[in-house]
Amino acid sequence: MTSSVKAILDLKGRDVITAGPNTTVAEAAAILSKKKIGAIVVVGMENRISGMFTERDLVHAIAKHGKEGLDQSLAQVMTAKVYRCHEETTVNELMELMTSRRFRHVPVESNGKLAGIISIGDVVKSRIAEVEREAEEIKAYIAG
């Protein structure tokens, strides 16, 4: 049985670090460092996802604009085309999306609003737990 995004969120929680589109790159970099995370979901009105700001976006901003990149707003440098998943998304579907699009973080959306975030680490942890459960079931069946 393949796990769902809902199952992962039920275990890990639904807290997400967010920032507004007017947050500066420097402020966002400080949040990434302090929280020891790789991505911030940029939200607008009513907690709606408007973009993602990741370590890659930080590197691109500095490479393109030098130290002035730190003064830009997230709206100027964020990834605006955000792929989302839903609680019903399976772990296998999410792994496929993350692999094909080379994402390490995917926000979870419910009714048009941010409901959580799934990282590649969450997916790997879930998949390992699933494989271990299957192995235990096979051992129990064989021992019979």
Side-chain angles (χ1 to χ4, degrees), residues 1-140:
M1 181 169 111
T2 301
S3 295
S4 67
V5 166
K6 182 183 182 319
I8 293 173
L9 290 177
D10 287 347
L11 283 174
K12 79 169 235 171
R14 295 168 186 274
D15 292 341
V16 182
I17 304 301
T18 63
N22 294 325
T23 302
T24 66
V25 170
E27 292 167 334
I31 293 168
L32 291 173
S33 177
K34 181 180 179 187
K35 299 289 185 177
K36 296 180 172 71
I37 57 175
I40 297 172
V41 180
V42 182
V43 294
M45 301 291 286
E46 299 178 2
N47 211 29
R48 295 194 184 275
I49 301 166
S50 59
M52 290 282 293
F53 179 76
T54 67
E55 295 161 320
R56 284 183 193 160
D57 296 317
L58 173 61
V59 169
H60 289 301
I62 301 300
K64 187 174 182 180
H65 303 286
K67 65 181 180 179
E68 288 79 24
L70 294 172
D71 297 325
Q72 292 191 305
S73 70
L74 294 187
Q76 294 172 290
V77 299
M78 70 184 182
T79 301
K81 186 175 183 181
V82 178
Y83 287 86
R84 302 156 167 90
C85 67
H86 303 280
E87 290 187 356
E88 302 78 28
T89 304
T90 67
V91 170
N92 287 344
E93 291 169 335
L94 193 54
M95 282 191 313
E96 207 171 291
L97 173 69
M98 293 176 122
T99 301
S100 66
R101 297 290 180 175
R102 299 184 66 189
F103 296 145
R104 291 182 291 158
H105 303 88
V106 177
V108 182
E109 190 175 63
S110 180
N111 297 319
K113 296 181 182 177
L114 180 62
I117 192 165
I118 302 291
S119 72
I120 192 69
D122 299 327
V123 172
V124 169
K125 184 178 177 182
S126 171
R127 188 65 184 117
I128 288 171
E130 189 175 336
V131 168
E132 288 174 347
R133 275 191 309 274
E134 290 171 358
E136 289 302 317
E137 289 172 7
I138 290 170
K139 285 181 192 175

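Because only heavy atoms are used, hydrogens play no part in the values below, and waters and symmetry mates are left out as well, while side chains stay in. Positions are given from 1, in the same order as the sequence printed here. No experiment lies behind these values; they were computed from the predicted model shown.
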Between Glu136 and Arg133, is there a salt bridge with N-O shorter than 4.0 Å? no
Heavy atoms only: give me the nearest Met52-Ala39 pair and the separation to one decimal. CE-CB, 3.8 Å
Got a second to check how far Thr89's OG1 is from Glu96's CD, nearest 0.5 Å? 11.5 Å
Shortest non-hydrogen contact between Ser73 and Val25, atoms and distance: O-CG2, 4.4 Å
Donor-acceptor contact present, side-chain His86 to main-chain Glu109, <3.5 Å: yes
Looking at Ser50 and Val42, would you say the former's side chain and the latter's main chain have a donor-acceptor pair under 3.5 Å? yes
Given Thr79 and His60, is the side chain to side chain contact (heavy atoms under 4.5 Å, CB included) satisfied, shown in steps? CA-CA 11 Å; Thr79 301; His60 289 301; over 6 Å; no
I'd like to know if the side chain of Thr23 and the backbone of Gly20 have a donor-acceptor N/O pair within less than 3.5 Å. yes
Say whether, by atom type as modelled, one donor and one acceptor occur between the side chain of Thr54 and the main chain of Arg56 under 3.5 angstrom. yes
Side-chain heavy-atom pair Ile117, Leu9 within 4.5 angstrom cut-off: no
Less than 4.5 Å apart, any side-chain heavy atom of Cys85 and any of Leu94? yes
For Asp71 against Thr24, the heavy-atom pair lying closest together: O-CG2, 4.1 Å
Within-4.5 Å side-chain heavy-atom neighbours: Glu87 and Val108: yes
Note: Glu130 and Ser3 closest approach over all heavy atoms is OE1-N, 3.5 Å
Has Thr99 got a side-chain atom pairing as donor or acceptor with Met95's backbone, closer than 3.5 angstrom? yes
In Å and rounded to the nearest 0.5 Å, what is the CG to CD distance from Asn111 to Glu46? 12.0 Å
Donor-acceptor check, side chain of Lys12 to backbone of Ala7, threshold 3.5 angstrom: yes or no? no
Side-chain (Arg84) to main-chain (Ile49) donor-acceptor, under 3.5 angstrom: yes
Between Gly51 and Met78, which heavy-atom pair has the shortest distance, and what is it? CA-SD, 3.7 Å
Are His105 and Ile118 side-chain neighbours, meaning at least one heavy-atom pair lies under 4.5 Å? no
Can you see which heavy atom on Ile37 is nearest to which on Ile40, and at what distance? CD1-CG1, 4.3 Å
Gap between atom CD of Gln72 and atom NZ of Lys64 - 0.5 Å precision: 8.0 Å
Rounded distance (nearest 0.5 Å) linking atom NZ of Lys34 with atom CD1 of Ile31: 9.0 Å
Check the pair Asn22, Leu74 against side chain to side chain contact (heavy atoms under 4.5 Å, CB included), reporting the backbone distance first and the verdict last. CA-CA 6 Å; Asn22 294 325; Leu74 294 187; over 6 Å; no
Sub-4.5 Å side-chain heavy-atom contact between Val41 and Ile17: no
Using only atom types and a distance under 3.5 Å, with no angle test, would you say the side chain of Arg101 pairs donor to acceptor with the backbone of Tyr83? no
What's the verdict on side chain to side chain contact (heavy atoms under 4.5 Å, CB included) for Glu88 and Val5, showing C-alpha distance, side-chain angles and the deciding distance? CA-CA 6 Å; Glu88 302 78 28; Val5 166; over 6 Å; no
Audit row: Ser126, Val123, side chain to side chain contact (heavy atoms under 4.5 Å, CB included) steps and yes/no: CA-CA 5 Å; Ser126 171; Val123 172; 5.8 Å; no
May I ask you to decide whether Arg14 forms a salt bridge with Asp10, counting only side-chain N to carboxylate O separations under 4.0 Å? yes
